[in-house]
Amino acid sequence: MHGEVAVNYTAVLITAIAGFGLIAVLFVASSILSPRRYSEKKVTTYECGMLPLGRFWTQVHIRYYIFGILFVLFDVEAVFLFPWAIVFLRLGPVAFYEMVIFLAILLFGLLYAWKKGVLQWK
Amino acid sequence: MEVVWRESPSLALANGHGLYHHLPGVITAKTDYLFAMARKSSLWPLTFGLACCAIEMIGAYMAEHDLDRFGVVTWPSPRQSDVMIIAGTAVKKMAEPIKLLWEQMPLPKWAIAMGACATDGGPFQRSYSTVQGADQIIPIDVYVPGCPPRPQALLYGIIKLQEKIMAEASNRKAAV
Amino acid sequence: MPEWVESIIRVAIAIGFVLTTVLVLIWLERKVIGHIQQRLGPMRTGFHGFLQSPADAVKLLVKEDIIPAAADRWAFQLAPALVFVPIFLTVVSIPFTRTLVVRNLDLGLFYVFAISSISIVGIVMAGWASGNKYALLGSVRAGAQMVSYEIPLVFSILGVAMVAGSLNLETIVDAQRGLWYIVLQPVGMFIFLVASLAELNRTPFDIPVAESEVVGGPYVEYSGIRWGVFFLSEYANTFIISALAAVVFLAGWRGPLLPGWLWFLIKTYAIILIIFWFRATLPRLRIDQLMTFAWKLLLPLAFVNLLITGLYLVYDWPRWILFVASVAVLAVASRLVYVVGRA
Amino acid sequence: MIPLQHILALSAGLFAIGVYGVLSRRNAILILMSIELMLNAVNINLIAFAMYLAPDRFVGQIFAIFIISIAAAEVGLALAIILRVYRTRATIDVDNIDLMKW
Amino acid sequence: MNVPLVLFWVFGAASLTAGLLVVTSKNIAHAAFYLLFALVGVAVLFLLMAADFLALVQFLIYGGAIVVLLLFALMLTRIREGPVIVGNSQKPLAIVAGLALLALLLSVVFVTPWPKPATEAIQRIEVPVIGESLFTDWLFPFEIVSLVLLVALIGAIVIARSGDD
Amino acid sequence: MTEEHSAHSVHTAPKKEPGPSLFPEMERLVAEVLSGIEVTSEQVVDEHAIIIDRKDLLAVCRRLKDNQRLSFDLLRCVSVVDYPNESVFQAVYHLYSIGLKHRMAVKTGIPYDDAIVDSVTSVWAGADWHEREAAELLGVEFRGHPNLRPLLLPDDFEGHPLRKSFKVPELDQARFRRGRE
Amino acid sequence: MAESRLETVDMFINMGPQHPSTHGVFRMVLTIDGEQIVDMKPHIGYLHRGVEKLAEGLRYREVTVLLDRTDYLAALNNELPYVMALEKLLDVKVPERAEYIRVLVCELNRIASHLMFYGAFGADAGATTPFMYAFRDREEIQHFFEAVTGGRLMHNYFRVGGVRYDLPEDWRERLTKLIPHLRKGIVDCERLLSDNEIFLNRTIGVGQISAADAIDYGLTGPNLRACGVRLDLRRDQPYSVYPKLEFDVPTRSRGDCYDRYLLRVEEMRQSLRIVEQCLEQMPDGPSLGEVPRVIRPKEGEVYVGTENPRGEYGIYLVSRGGDYPYRVKVRAPSFCNLMALNEMMRGCYIADCVLILGSIDIVLGEVDR
Amino acid sequence: MLGMLKGLMTTMQSHFRKPVTIQYPDERPDLPPRYAGFPGLIWDANVGEPFCTGCQVCARFCPTQCIYVTMKDNPKVGDGTSKRRKIVDEFELNVSCCTQCAVCVEVCNFDAIEMTHTFEMASYSREQVMNLQDMLSMKEKGGP
């Protein structure tokens with residue numbers, strides 16, 4: 001690790017260690033300082049004052065997953081957009097339209113999802 | 001009138017547990033005072049109203065009385081709350097949930113019985129389905145009589161609770 | 001002085017600053033919302049309740065923390081750290097002034113989004129690990145909401161990157177000499193603010209933690225200091241997002257007369273106050289409306305913004321055209337809010 | 001300075017773990033995760049080679065970016081298939097998914 | 001002391017351990033969390049090789065997106081219920097295969113006479129350089145990527161939704 | 001409902017001396033609509049009331065609701081009153097017509113030893129909880145009710161509190177003095 | 001659909017008895033599919049205090065103490081049907097001034113109750129400030145009550161043949177100050193929510209119920225009027241001095257949450273109109289009529305329904321002589337309104353169910369009694 | 001958007017209005033004369049004894065039966081200072097279940113009891129009883 005990256009990301013590393021350290025210190029301090037007493041009822045799951053009803057499992061709807069996929073794809077797109085945003089002026093209009101095409105193709109995907117009613121809930 | 005100070009059953013339970021109490025007495029006494037200050041200044045009740053008194057309790061949170069001045073803000077989950085304000089009639093059917101919620105609250109915790117019903121059964125004392133006073137379900141620290149008590153009466157009850165928290169801390173200090 | 005020592009000092013200052021800021025923010029929010037509601041907010045702990053947040057913090061520290069029997073212990077204990085640390089990491093690249101910055105990263109803008117996206121996993125983890133239905137429901141909602149708004153958020157900020165030609169936050173601030181990007185990128189600013197409200201799970205997008213529905217969402221089962229850490233991260237995140245908006249759209253430390261750090265704080269707190277103001281005013285959206293809003297309105301809007309910004313840059317249009325076009329787009333969008341919401 | 005061999009050894013280790021995961025687990029989602037591990041191992045190699053050996057040193061990075069992109073698409077699609085199978089057969093155990101008998 | 005090398009092995013070992021936990025974990029959700037750690041570890045390795053852009057991409061795509069997607073999928077399949085089976089009948093075989101592959105790769109790694117790197121110091125590659133190359137030399141693959149993503153999206157929607165209504 | 005009970009159950013409520021009808025118009029109309037059913041008019045302070053046999057209850061209610069000139073479409077209240085001296089419950093249905101703005105009450109007796117009456121949920125859905133409550137608090141069974149589970153009381157509660165035989169404890173006047181002594 | 005059932009194992013969510021938005025201790029068990037509600041089972045009785053039984057053990061005069069506590073948001077409105085029933089049994093004339101005072105405080109109580117609804121509904125929708133605004137104004141009404149009846153929430157004010165105290169000397173000043181204050185408060189409330197796009201999106205078309213269904217379930221009050229049925233006992237079965245007062249009975253047509261909300265806001269305005277008229281027309285005279293010192297009505301029974309803020313609050317009073325009522329049956333409006341909840345909730349989202357419950361405006365005290 | 005802006009303007013305006021909060025322990029609420037706190041007995045200053053004769057009407061009519069009262073022969077009758085033949089001996093009010101309904105005031109034939117303005121009765125114990133002395137001193141504390 002060398003040069004600028006080294007210096008910059010050393011700080012990041014230190015921050016990460018400090019962050020985890022802070023949390024650890026807080027948790028340890030809390031475990032020393034706070035009163036504790038175990039009871040069978042205390043560790044029951046909170047459910048508005050009733051004992052849990054039925055199984056724990058919440059049925060997650062498939063549409064959440066589709067939003068997840070949409071997110072992943074647009075996130076990937078963002079990865080290309082970041083370098084593009086800072087260089088496209090140097091490369092001229094062509095680079096701009098390249099990205100427009102790229103975006104258009106993905107927007108078509110969004111449009112498809114829209115038309116398919118994936119973004120619709122009922 | 002003279003008020004007899006009584007150690008909160010819940011706090012009696014809390015004391016004497018945890019590593020903290022192996023520290024030297026001087027330190028624990030000083031920090032106890034600090035912690036008690038913090039605890040009394042940030043009493044978070046459980047969002048929880050049973051009957052008529054709940055309206056006056058809500059009134060106490062609202063602009064004119066503003067419990068937020070005392071650092072009192074409600075949280076919906078028992079896990080994040082310190083105080084349970086039993087505002088209203090505790091019915092036998094509701095006793096079990098109240099007990100469970102009380103159990104689910106982390107230590108240290110306090111309970112305020114607000115209104116005649118929660119203190120003593122009030123006008124519904126003779127009823128076949130009410131609990132005659134919330135102290136039959138959970139240990140109560142402060143009783144606020146009235147039917148319903150006006151918001152200021154609840155504020156007074158909370159001040160009393162704060163005094164009690166401080167008294168408990170200094171009592172412990174004296175013991176050390 | 002070796003660089004790593006300097007880094008440690010800077011990081012230490014940053015930690016101190018962030019922690020105090022969080023305490024101040026919590027107090028400020030209670031005061032501001034209190035006054036909006038014609039009451040006073042904390043008054044009795046310290047002068048005008050100034051010691052309220054420290055008192056809350058100490059109380060949470062000495063509060064028992066419960067791990068429910070149904071919880072997945074491992075993940076339950078780890079989740080707060082996983083939420084807090086990424087948010088905390090982003091502070092590294094936020095420049096308060098040119099010198100008052102932990103490290104000026106070359107990819108600052110990208111860095112902020114890349115790192116903070118990890119905290120979504122932390123929230124989903126917290127909800128999953130709690131073994132509680134409300135928590136799970138809340139965490140799924142949180143996950144879906146945060147991923148949905150991450151996209152418009154990223155795209156809105158890309159417009160700035162295009163105009164400035166850099167991802168370096170210091171360069172971006174320097175490029176705003178004379179003209180703040182709020183003028184060139186009003187659409188971007190709008191999307192950024194809205195989407196960051198959603199990222200922060202704040203009103204009107206506080207669906208995952210909705211008190212009246214899922215009783216606090218992913219954090220239902222958390223108590224004591226573990227819950228406090230979530231609370232801490234929420235406010236730290238509020239500060240960081242506001243600071244980022246101040247840097248990117250309001251030219252950070254630039255401003256006449258006053259010292260730079262003061263300008264930075266003024267701008268940041270102005271945005272924070274707006275967020276508090278929203279919280280005190282608006283009701284909450286429903287989850288389907290929220291998703292619809294993100295995908296059907298904000299995302300296309302972000303694309304339009306990218307398109308007009310690109311055209312402006314490529315063909316070297318005068319600045320006023322971009323401004324007028326942006327305002328027009330914004331006007332059309334504000335009409336569409338209602339339509340899209342109903343759809 | 002990190003010797004190239006160390007990097008390659010590490011990536012080999014990660015790759016082998018991925019292979020083990022693919023072969024030994026029955027849960028389709030876990031298999032997918034193992035594949036991700038393998039792809040990561042490959043990425044490490046690409047960067048390492050690019051850094052140390054190639055004349056155009058950024059090509060490795062570009063490759064890695066493409067791989068990550070494709071991996072994302074792959075995961076999305078594969079999970080969709082897994083969910084589909086799960087919904088028709090109520091299992092994501094690959095041993096129980098006998099495609100020929102669909 | 002060679003600080004980068006130490007860091008490399010610290011994080012390398014961390015991600016190897018996390019990876020191993022992924023494939024051996026009894027709980028699939030835990031596996032997903034371990035996967036996150038493995039991927040973050042790899043991102044740090046990228047940083048050590050001065051590929052900061054790529055490291056951040058790793059964070060964004062793997063850490064933020066793919067792990068979340070995996071978690072959603074896990075929640076859709078009710079992983080907390082039913083018996084958890086660690087391995088299948090091929091487990092011993094898998095161990096053998098994995099170890100054999102590892103041995104093979106390691107032997108290749110250490111036997112092959114790798115050429116010496118051109119410079120001692122690893123130079124950071126500026127993002128604009130990547131960008132310029134991407135949008136000129138690699139234009140075609142770049143556009144293809146968008147098509148691949150589109151196909152994946154449509155495919156996923158069709159597969160996940162068919163028969164839903 | 002068996003025959004031997006139906007004869008007995010008409011005059012169940014405490015009897016009141018018949019006086020001049022306060023609502024002659026209403027009485028005439030009701031008699032017309034309910035022709036063929038044995039109906040006794042009763043004088044209540046401010047509304048017309050009829051007493052019917054419980055076996056006719058459903059038919060009466062349906063006719064009262066469906067008839068154009070009466071059209072009692074709103075069931076205001078179902079009250080069941082316990083008369084232990086007569087060993088009978090009396091169910092009172094207070095009806096109101098939104099369009100015609102008139103009201104009346106239908107009463108029917110339910111003997112103690114066969115405390116069953118037809119449920120009117122099929123006529124007015126709004127009778128649901130009223131009947132459940134009455135069933136729980138008074139122990140009257142409503143035949144044909146979709147779901148007669150306990151509504152208000154805890155599951156382990158025994159007895160029917162609104163019966164006169166259910167006694168509430170007397171208060172001890174000086175009970176609070178105990179705490180001090 | 002059969003296939004997606006496979007993934008949809010029935011999932012229950014328990015809301016209440018302790019839940020921030022069940023308005024007390026209502027409990028519902030929701031069967032959900034993703035975010036949507038398939039079925040809802042209400043559970044009540046967590047506040048069943050046996051009012052009806054206890055009332056049989058109290059003298060006629062004392063029963064109001066209990067009735068105050070049934071619908072505790074509109075205590076005065078509960079006392080009214082009871083004393084009216086008693087007056088009918090005893091055949092007591094009420095002086096006109098007493099009637100005006102009754103109407104005055106009842107309408108103020110209606111405003112107070114609707115303000116509470118407004119605040120709670122805003123909180124259900126996720127906004128915190130409406131609650132504060134509502135209580136700011138509500139508090140003013142309570143100050144007026146304090147001056148008139150001595151109580152803030154529970155009044156025990158109405159007596160057979162009139163009211164307990166005449167109005168205090170400074171009532172005109174107090175009321176003339178109060179009315180513009182409330183008027184401004186209602187404007188504030190409206191500006192905060194009524195046009196808010198988020199609020200519109202959340203409430204329009206949510207929890208719809210048709211007029212026919214509403215009547216079938218026995219809905220009354222604002223909930224019924226929001227469906228377009230113009231039923232208001234103050235107008236349709238006039239009692240007290242309502243025939244002498246001018247007021248509109250607003251209705252809406254859609255019967256969804258938004259209509260129920262708007263209707264109540266409009267009702268507050270109408271109530272304010274009535275209060276103003278009371279202020280103008282208040283006659284002189286005694287505030288308590290000629291009443292026997294011991295209240296011992298003749299044998300008989302009477303049903304009196306009045307228009308409570310939540311609908312028809314009816315008292316079925318049976319007397320068999322003696323000092324104690326034989327049977328006091330309370331026809332509680334929320335109890336009946338709540339029956340339609342399942343109908344309204346079909347197919348809505350979890351977030352909606354909270355709003356729908358809020359829009360019905362239940363008070364558990366009278367649901368369970 | 002306009003509706004939201006309207007709401008935002010409203011909250012902004014109210015931010016600059018004066019808070020309506022009464023800071024309770026420091027500021028006292030302004031209670032109207034009729035406000036019904038807990039009941040208190042009235043002291044007849046002319047004679048130097050309470051008005052109450054201990055007739056127990058209030059105890060009988062109290063809906064929660066929270067009053068306990070006994071009477072005795074008035075010693076002051078003998079020396080002619082008082083016209084009351086009987087006088088209250090013991091008077092106890094169970095504060096914890098008093099509903100402040102003022103029925104006792106209404107039924108009292110001697111106007112000896114009144115609703116005072118006392119409401120701060122929070123205590124650490126449930127068995128909180130006001131005896132004769134408390135009741136009489138309460139009247140002085142803040143009655144009309």
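Treat the numbers as computed from the prediction; the structure is a model and nothing was measured. Residue numbering restarts at 1 for every chain, and letters A, B, ... go by the order of the sequence lines.
The two residues Gly131(E) and Pro83(A) have their closest heavy-atom pair at CA-CB, 3.9 Å. In terms of heavy atoms, Gly68(A) sits closest to Leu69(E) at C-CD1, 3.3 Å. Across every non-hydrogen atom of Met99(A) and Phe142(E), the tightest pair is CE-CZ, 3.6 Å.
Once rounded to the nearest 0.5 Å, the distance linking CG of Leu60(E) with CZ of Phe82(A) reads 7.5 Å. Atom CG of Leu70(E) sits about 8.5 Å away from atom OH of Tyr65(A), to the nearest 0.5 Å. Once rounded to the nearest 0.5 Å, the distance linking CD of Glu98(A) with CG of Leu139(E) reads 4.0 Å. We find the CD1-CG distance between Ile105(A) and Leu149(E) to be 9.5 Å, quoted to the nearest 0.5 Å. Distance CG/Leu107(A) to OG/Ser146(E): 11.0 Å, rounded to 0.5 Å. Note: Leu13(A) CG to Leu47(E) CG = 9.0 Å, rounded to the nearest 0.5 Å.
Residue Leu134(E) touches chain A through its side chain alone, counting heavy-atom pairs closer than 4.5 Å. Heavy atoms of Leu150(E) lying under 4.5 Å from chain A belong to its backbone as well as its side chain. At a 4.5 Å heavy-atom cutoff, the contact between Leu147(E) and chain A is made by backbone and side-chain atoms alike. Neither the backbone nor the side chain of Phe8(E) comes within contact range of chain A; no heavy atom of the residue lies under 4.5 Å from a heavy atom of that chain. Proximity to chain E (any heavy atom under 4.5 Å) is restricted, for Phe71(A), to the side chain, taken from C-beta onward. For Phe11(E), the part lying under 4.5 angstrom from a heavy atom of chain A is the side chain only.
Ring orientation note: the planes of Phe135(E) and Trp84(A) are nearly perpendicular, at an angle over 60° on the 30°/60° scale.
The shortest side-chain heavy-atom distance between Tyr112(A) and Ile157(E) falls under the 4.5 Å cut-off. Annotation: side chain of Phe108(A) is in contact with side chain of Ile154(E) (closest heavy-atom distance under 4.5 Å).
Most heavy-atom pairs under 4.5 Å with chain E, from the set Leu70(A), Val12(A), Asp75(A), Ile66(A): that is Asp75(A).
At a heavy-atom cut-off of under 4.5 Å, chain E is reached by Ile86(A), Val87(A), Arg90(A), Leu91(A) from residues 86-94 of chain A, listed in order of number.
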